J.: 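Pasting a structure below so you can have a look.
Indexing begins at 1, ligand by ligand and atom by atom, following the structure's order. The structure presented is a predicted model; accordingly, all values stated were derived computationally and were not measured.
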Amino acid sequence: MGRIERIVAREILDSRGMPTVECTLTLSTGARGTASVPSGASRGKREACELRDGNHRFSGKGVLKALRNIQEVISPTLCQLPAPTQSLVDETLLLLDGTPDKSRLGGNAILAVSLAFGKAFAEEQKIPLYEYIHHLYRGESAGFKIQEFPVPFMNLINGGAHSDSPLSIQEFLVIPFTKTGFSTALRLGAEVYHTLKNLLSEKEHSISLGDEGGFAPNLHQTRQALEFLIDAIARAGYRPGEDIFLGLDVAASMLLHDSSYHLDDSTFTTASLISFYESLWKEYPLLSLEDPLGEEDWEGWKALTQRLGKDLILIGDDLFVTSYSLLNKGIREGVANAILIKPNQVGTLTETLKVIQRASEVGFKVIVSHRSGETNDSFIADLAVGVGAYGIKAGAPARGERLAKYNRLLIIESELSLTGENFFAK
Ligand code: PGA
Ligand code: ZN
């Protein structure tokens, strides 16, 4: 296997036009990987540090410090490793950084290198990235076998911090289930998306898009948005609660001010918010609730899990921030039953896989996720397949950076000759 010969880092722009880190890593054999890092708008407090320059460029959001760390600190050390592997590279990155939140080198600098190495190493072995990840995750001796293909969690209405819609809840998702493969599920989601656009237009709502490609209508109430989704599913010819379910990402930490939750023009305590969710669950074919309570509200989360944990997928995003120790706290305290996985919350591929492993061990569902500020890097599609994730969250079927993930999954599905309606192979 080759040594690392060269690492080149550059500043590119993400889907919001903000700078982010991209890096190309070349091995001595010529194999090469390029990876870039996304960025969130509703970030958990305990995420790995996103190192920004804080100067006159891009309102302080430039990432030249992170690039310098790659060039001056990371590259000279990694290029010395005699036999680099993913775990050795990631351990070296952690040692070089030496802080609990990756604030010295920047989680963005570290992740770009970690993922670029993974892509280069997969190329060197002449195997697809998802297979490389599968080997890291299960061990090479386990062979390569994909049992589950992820279900798309498609965010069709964008509220909260992701658009200027007055909707308090950040994401209104449709979750299509079919037995005929990912391509069919994606088609169902896309058909509902197009139907929703017509419905919104008919009712003279704006059809402008939010950060994740979903619509951002001038609606104030959660139920109004859910009604639109139900109508769109039915008009598209599908059965809500049978073919297609609904999900919400409340991003509740963003709604918490002065110890109360503020949404739908009302004020809620933890207890009244849990009752609100319970009534939504009774009224709508709701399958998942992400960050329904604030990331510090562990007591509330516990009560919610006791009340609705058997009926709903309760996903911790800001709550767990893809952290091994926070996930373990959740397991110990009976909080949540699913985890959102965002590699840039933690900072290396090895740490990401360790968290997924732990979640799977205890039966937590794993949903791999994009960020609201994205690039065209489709790494998370390969990650979701490689670990057999239950779901993938990559926004609406609109805007290139969202489609990059969904379309990559279509390619993987046809490569694996899984059931799919979108390809013909002989
Ligand atoms: P973010 O949102 O990328 O803006 O943090 C995504 C999410 O909360 O799931
Ligand atoms: Zn979230």
J.: Would you indicate whether E202, at its atom CD, is surrounded by more than 12 heavy atoms from other residues, nucleotides or ligands within a distance under 6.0 Å?
T.: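 Yes, CD of E202 has more than 12 neighbouring heavy atoms, counting only those of other groups under 6.0 Å.
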
J.: In residues 307-316, what donor-acceptor pairs under 3.5 Å come from side-chain atoms, sequence neighbours left out?
T.:
| from | atom 1 | to | atom 2 | distance (Å) |
| --- | --- | --- | --- | --- |
| R307 | NE | E278 | OE1 | 2.7 |
| R307 | NH2 | S275 | OG | 3.2 |
| R307 | NH2 | E278 | OE1 | 2.8 |

J.: Is it the case that T348 and T350 place a side-chain donor and acceptor less than 3.5 Å from each other?
T.: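 Not at all, the side chains of T348 and T350 share no donor-acceptor pair under 3.5 Å.
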
J.: Of all the non-hydrogen atoms in the protein, which one sits nearest to atom 3 (O) of ligand 1, and at what distance?
T.: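 Closest protein heavy atom to atom 3 (O) of ligand 1: S372 N, 2.8 Å.
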
J.: Do the side chains of E50 and R43 get close enough for a salt bridge, i.e. N-O under 4.0 angstrom?
T.: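 Salt bridge flag = yes for R43 with E50.
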
J.: Side chain, backbone, both or neither: which applies to D318 and ligand 1 if a contact is any heavy-atom pair less than 4.0 Å apart?
T.: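 Answer for D318: neither.
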
J.: Within the 4.0 Å heavy-atom shell around E171, which atoms of ligand 1 are there?
T.: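 Close to E171: 6 (C), 7 (C), 8 (O), 9 (O).
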
J.: Determine, stepwise, if the pair I412 / R408 fulfils side chain to side chain contact (heavy atoms under 4.5 Å, CB included).
T.: CA-CA 6 Å; I412 300 174; R408 172 69 186 147; 3.8 Å; yes

J.: Applying salt bridge (charged side-chain N to carboxylate O under 4.0 Å, His left out) to D14 and R371, what does each step give before you reach the verdict?
T.: CA-CA 10 Å; D14 71 14; R371 302 300 307 241; over 6 Å; no

J.: Name the one of L409, I341, V368 that satisfies side chain to side chain contact (heavy atoms under 4.5 Å, CB included) with I380?
T.: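 So, applying the side chain to side chain contact (heavy atoms under 4.5 Å, CB included) to I380 and each of L409, I341, V368, only V368 qualifies.
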
J.: Does D211 come within less than 4.0 angstrom of ligand 1, counting non-hydrogen atoms of the residue?
T.: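 The answer is no, since D211 has no heavy atom less than 4.0 Å from ligand 1.
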
J.: Got a sec, which residues hit ring-ring contact (aromatic ring centres under 6.0 Å, His included) with H134, two or more places apart in sequence or on another chain?
T.: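 Here the qualifying residues are F144.
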
J.: Does a side-chain heavy-atom distance below 4.5 Å link F172 with L156?
T.: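 When only atoms from C-beta onward are counted, L156 and F172 do not touch, as no gap falls below 4.5 Å.
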
J.: Can you tell me which portion of L340 lies within the under-4.0 Å heavy-atom range of ligand 1? Options are side chain, backbone, both, or neither.
T.: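 Contact part for L340 vs ligand 1: side chain (C-beta onward).
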
J.: Determine, using heavy atoms of S42 and all atoms of ligand 1, whether some pair is separated by less than 4.0 Å.
T.: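 Checking ligand 1 against S42, which is what was asked, there is a heavy-atom contact under 4.0 Å.
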
J.: Do any nitrogen or oxygen atoms of S369 lie less than 3.5 angstrom from nitrogen or oxygen atoms of ligand 1?
T.: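 So ligand 1 has no N or O lying under 3.5 Å from an N or O of S369.
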
J.: Measure the distance from atom 8 (O) of ligand 1 to every protein heavy atom, then report the residue, atom name and distance (to 0.1 Å) of the closest one.
T.: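 Minimum-distance protein heavy atom for atom 8 (O) of ligand 1 reads Q170 NE2, 2.9 Å.
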
J.: Counting from 1, what ligand 1 atoms have a heavy atom of K393 closer than 4.0 Å?
T.: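 Checking each atom against K393, I get 7 (C), 9 (O).
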
J.: Give the atom numbers and elements of ligand 1 that come within less than 4.0 Å of a heavy atom of A41.
T.: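 It comes down to these atoms of ligand 1: 1 (P), 4 (O), 5 (O).
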
J.: Which ligand 1 atoms does D317 reach within 4.0 Å, using its non-hydrogen atoms?
T.: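 Here the atoms of ligand 1 in question are 7 (C), 8 (O), 9 (O).
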
J.: Does R358 come within less than 4.0 Å of E361, counting only side-chain N to carboxylate O?
T.: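 Yes, charged N to carboxylate O under 4.0 Å.
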
J.: What are the atoms of ligand 1, with element, lying closer than 4.0 Å to any heavy atom of G40?
T.: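 Per the distance check, 1 (P), 3 (O), 4 (O), 5 (O).
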
J.: Taking the minimum heavy-atom distance to atom 2 (O) of ligand 1, which of E374, H162, E290, R371 ranks first?
T.: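 Result: the heavy atom closest to atom 2 (O) of ligand 1 is in H162.
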
J.: Going by the rule ring-ring contact (aromatic ring centres under 6.0 Å, His included), which residues pair with Y261 if we only count those two or more places apart in sequence or in a different chain?
T.: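 Partners of Y261 by the ring-ring contact (aromatic ring centres under 6.0 Å, His included) criterion come out as none, since no residue qualifies.
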
J.: Between R32 and E123, which heavy-atom pair has the shortest distance, and what is it?
T.: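 Minimum heavy-atom separation between R32 and E123: O-OE1, 3.0 Å.
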
J.: Parallel, tilted or perpendicular for F177 and F245, by the 30°/60° rule?
T.: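 If you compare the ring of F177 with that of F245, the planes turn out perpendicular.
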
J.: Could you tell me if any non-hydrogen atom of H370 lies under 4.0 Å from any atom of ligand 1?
T.: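 Per 4.0 Å heavy-atom rule, H370 does not contact ligand 1.
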
J.: Show the atoms of ligand 1 that are less than 4.0 angstrom away from any heavy atom in D249.
T.: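 Answer for ligand 1: 7 (C), 8 (O), 9 (O).
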
J.: Would you sort out whether Y390 and S288 count as a side chain to side chain donor-acceptor pair (under 3.5 Å), showing the intermediate values?
T.: CA-CA 12 Å; Y390 177 82; S288 67; over 6 Å; no

J.: Which protein N, O or S atoms does the Zn ion (ligand 2) have within a distance shorter than 2.8 Å?
T.: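 D249 OD2, E290 OE2, D317 OD2, with waters left out.
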
J.: Looking at atom 6 (C) of ligand 1, what's its closest protein heavy atom, distance included?
T.: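 Checked against all protein heavy atoms, atom 6 (C) of ligand 1 sits closest to K342 NZ, 3.4 Å.
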
